[in-house]
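Before any comments, here is the structure.
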Amino acid sequence: MDKILILDFGSQYTQLIGRRVRELGVYAEIVPGDSALAGSPLGSRALEGAKGIILSGSPRSAYESEAPAPHPTAYASGLPLLGICYGIQRMTLDFGGKVARLGEREYGRKQVRIHPRAGEPAGSRDPLLAGLPEEFSSWMSHGDSISEPSPGFEVLASSEGGIPAALCDRTRRAWGLQFHPEVSHCEGGMRILENFVVGICGAAREWSMEAYLDEVSSSVRAKVGSGDALLLISGGVDSTVAGALLLKILPRGKVHLLYIDTGLMRKAESEEVMRNLRALGAKNLHMVDAEAEFLAALAGLEEPEAKRKAIGDAFIRIQEREVARLGIPEAFLAQGTLYTDLIESGKGVGAKAQVIKSHHNVRSPLVEAKRGAGRVIEPLDRLYKDEVRVLGRLLGVSEAVVRRHPFPGPGLGVRILGEVTREKCELLREADAIYIAELKARGLYDRIWQAFSVLLPVRSVGVAGDERKYGSVLALRAVVSEDGMTADVYPFETKDLLEISSAITNRVPGIGRVVYDISSKPPATIEWE
């Protein structure tokens with residue numbers, strides 16, 4: 001099968017590049033950027049079927065002494081190269097150009113203008129930019145810029161500040177972009193990637209979710225063998241699809257689904273979860289009421305990372321206890337971890353990824369121990385949320401489950417800012433249930449990627465009847481996104497926000513004020529903690 005190799009230098013967008021390439025129907029494989037691509041066991045696999053190489057971004061500056069650099073075998077492969085952001089800066093330095101921190105940094109949407117090509121008809125384009133208008137909106141995210149292109153490189157387009165935005169050296173078969181075409185906010189980004197992957201590299205469109213299902217099924221069967229698999233299941237989209245996958249590819253008697261009611265779930269969540277899991281046809285379905293244990297673990301904790309780790313450790317402690325009780329101590333631990341969880345936790349390919357936030361099923365010390373022993377199965381760890389939904393439909397998971405908004409593994413523990421108590425959980429559950437019900441009643445739920453409420457650690461004065469009272473402040477969050485890596489605020493009509501706010505403050509004693517979060521991602525994350 002034809003594929004595109006992506007060299008990872010630690011960018012939060014590396015896997016998103018791979019996902020976009022897969023959207024084009026071409027297989028993408030991500031490898032550490034400094035790994036040899038030939039002359040090693042990794043290399044013999046990496047170059048097999050490769051039609052081109054993409055160099056990812058990085059949180060580092062290319063001119064730093066310890067900045068990651070591609071292994072020389074990447075340049076020696078003779079394959080077409082595309083450097084994105086840090087990738088083109090690294091290529092610029094490696095080929096004799098200069099990169100510097102200029103006075104103007106470029107973040108967010110920036111206009112890019114394509115240069116006329118000397119001696120060619122008006123409107124002609126380099127193959128990388130074919131089909132794009134003369135000026136388009138890009139998505140930038142860099143503090144360093146190319147101050148002097150490498151010898152042999154032509155500047156194809158510049159940003160509104162006159163900074164090189166697209167370059168090429170046809171002799172080396174090398175192209176570069178200072179902006180991020182993989183991000184949905186970039187106008188024509190998919191066309192640019194298609195121009196490179198299909199047009200310049202000539203890769204055949206042979207990749208599909210069916211192909212992914214075949215591949216992951218084989219790898220899971222090989223790893224588990226005749227053993228048991230225990231899935232810690234929350235009932236959300238990710239873990240439910242992971243459960244459906246395991247039940248499809250392994251003997252059902254060997255698959256155990258363990259649902260732990262943490263007391264941090266949404267209103268009536270546990271009943272709904274159990275109904276959905278029974279519908280999957282599971283033979284071994286176990287439920288544990290652990291509210292008291294989780295609340296005790298969270299007592300006195302206010303810092304987000306401390307709460308996440310406490311929740312993660314509690315999950316694994318209870319899981320280990322239940323495994324012993326169920327008589328399956330050697331079972332593999334299966335999780336519905338997505339790649340967004342891994343990269344935000346600094347677990348991207350290689351050692352360069354940065355930590356945005358710890359996910360309870362990724363960086364918890366006890367999970368790390370399981371992972372180190374090779375006893376963890378994560379069949380969705382190369383997929384994004386929308387791809388998981390596609391896989392869920394392929395596996396026959398109900399549309400009601402597939403369309404559910406994402407819900408964090410730590411649940412309300414990271415939607416209650418500050419210390420978590422049973423009273424705060426009840427307050428947030430009631431308010432959030434009204435919010436979601438209102439969205440569904442207004443036909444808005446399916447237009448939104450994720451919506452939820454956050455209980456803030458502040459109180460605000462208000463008036464109830466003729467009485468002056470202090471009530472808690474509730475923040476509403478609603479975003480639109482394709483993959484969770486970037487997100488825009490949902491543009492509510494003012495009437496909807498006013499009526500939803502009124503419904504919450506009138507029906508939930510203790511909530512005195514409602515605010516709406518208007519922060520996009522980046523710079524904010526979707527969740528508050």
Side-chain angles (χ1 to χ4, degrees), residues 235-237 262-273 302 304 400-401 403-408 410-481 484 487-521 523-529:
V237 178
T262 63
L264 306 173
M265 312 302 288
R266 291 169 288 200
K267 187 175 182 178
E269 183 95 3
S270 294
E271 295 84 351
E272 182 178 356
V273 167
E302 296 186 2
V401 174
R403 293 192 346 260
R404 291 189 76 186
H405 288 183
F407 186 64
L412 303 185
V414 292
R415 291 181 176 176
I416 295 171
L417 304 194
E419 186 178 9
V420 178
T421 65
R422 181 178 284 105
E423 293 72 24
K424 290 179 182 178
C425 288
E426 291 297 337
L427 189 63
L428 181 55
R429 256 191 286 272
E430 291 299 321
D432 193 65
I434 292 172
Y435 180 33
I436 299 303
E438 287 286 334
L439 294 180
K440 291 179 177 179
R442 296 165 189 271
L444 301 176
Y445 185 83
D446 289 334
R447 301 183 191 178
I448 295 170
W449 163 269
Q450 189 173 0
F452 57 91
S453 307
V454 179
L455 190 64
L456 305 186
V458 293
R459 293 169 64 80
S460 171
V461 70
V463 178
D466 293 325
E467 183 181 358
R468 179 184 175 90
K469 297 182 66 175
Y470 275 91
S472 296
V473 179
L474 186 80
L476 304 182
R477 182 81 157 134
V479 297
V480 290
S481 178
D488 280 330
V489 177
Y490 181 74
F492 278 113
E493 296 289 338
T494 302
K495 177 176 180 292
D496 289 319
L497 278 178
L498 292 175
E499 291 176 354
I500 292 171
S501 171
S502 179
I504 292 171
T505 54
N506 286 336
R507 292 160 56 188
V508 184
I511 299 294
R513 191 179 298 267
V514 175
V515 298
Y516 185 51
D517 179 357
I518 58 170
S519 304
S520 64
K521 177 184 179 179
T525 55
I526 295 177
E527 296 286 345
W528 278 44
E529 291 190 343

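Counting from 1, the numbers follow the sequence of the chain as shown.
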Minimum heavy-atom distance [X]-[Y], with the two atoms named:
X: Ile434; Y: Ala503; value: CG2-CB, 4.0 Å
X: Glu529; Y: Gly418; value: OE2-N, 3.8 Å
X: Tyr490; Y: Leu444; value: OH-CD2, 3.5 Å
X: Lys267; Y: Ala433; value: CD-CB, 3.9 Å
X: Ser472; Y: Arg459; value: OG-NH1, 3.8 Å
X: Ser520; Y: Asp488; value: CB-OD1, 4.1 Å

Salt bridge (Lys or Arg N to Asp or Glu O under 4.0 Å) partners for Lys424, two or more places apart: none
Salt bridge (Lys or Arg N to Asp or Glu O under 4.0 Å) assessment of Glu269 paired with Arg429: CA-CA 10 Å; Glu269 183 95 3; Arg429 256 191 286 272; over 6 Å; no
Electrostatic pair Arg403:Asp446 at N-O distance under 4.0 angstrom: yes
Ignoring hydrogens and angles, tell me if any N or O in the side chain of [X] forms a donor-acceptor pair with the backbone of [Y] under 3.5 Å.
X: Ser501; Y: Leu498; answer: no
X: Arg507; Y: Ser502; answer: no
X: Tyr445; Y: Glu438; answer: no
X: Asp432; Y: Ser453; answer: yes
X: Gln450; Y: Pro406; answer: yes
X: Arg266; Y: Glu430; answer: no

Verdict with supporting geometry, Asp496 and Arg442, side chain to side chain contact (heavy atoms under 4.5 Å, CB included): CA-CA 8 Å; Asp496 289 319; Arg442 296 165 189 271; 2.9 Å; yes
Separation between [atom1] of [X] and [atom2] of [Y], rounded to the nearest 0.5 Å:
X: Thr421; Y: Glu426; atom1: OG1; atom2: CD; answer: 9.5 Å
X: Leu428; Y: Leu412; atom1: CG; atom2: CG; answer: 5.0 Å
X: Arg477; Y: Ile448; atom1: CZ; atom2: CD1; answer: 11.5 Å

Just wondering, do [Y] and [X] contact through their side chains at under 4.5 Å, heavy atoms?
X: Ile511; Y: Leu455; value: yes
X: Phe452; Y: Leu476; value: no
X: Leu439; Y: Ile500; value: yes
X: Leu264; Y: Val420; value: yes
X: Pro408; Y: Arg415; value: yes
X: Val515; Y: Leu474; value: no
X: Trp449; Y: His405; value: no
X: Val489; Y: Asp517; value: no

Parallel, tilted or perpendicular, as decided by the 30° and 60° cut-offs, for the rings of Phe492 and Tyr435: tilted
Test side chain to side chain contact (heavy atoms under 4.5 Å, CB included) applied to Ala437 - qualifying residues, sequence neighbours left out: none
Greater than 12 external heavy atoms within 6.0 Å of Arg404's CZ: yes
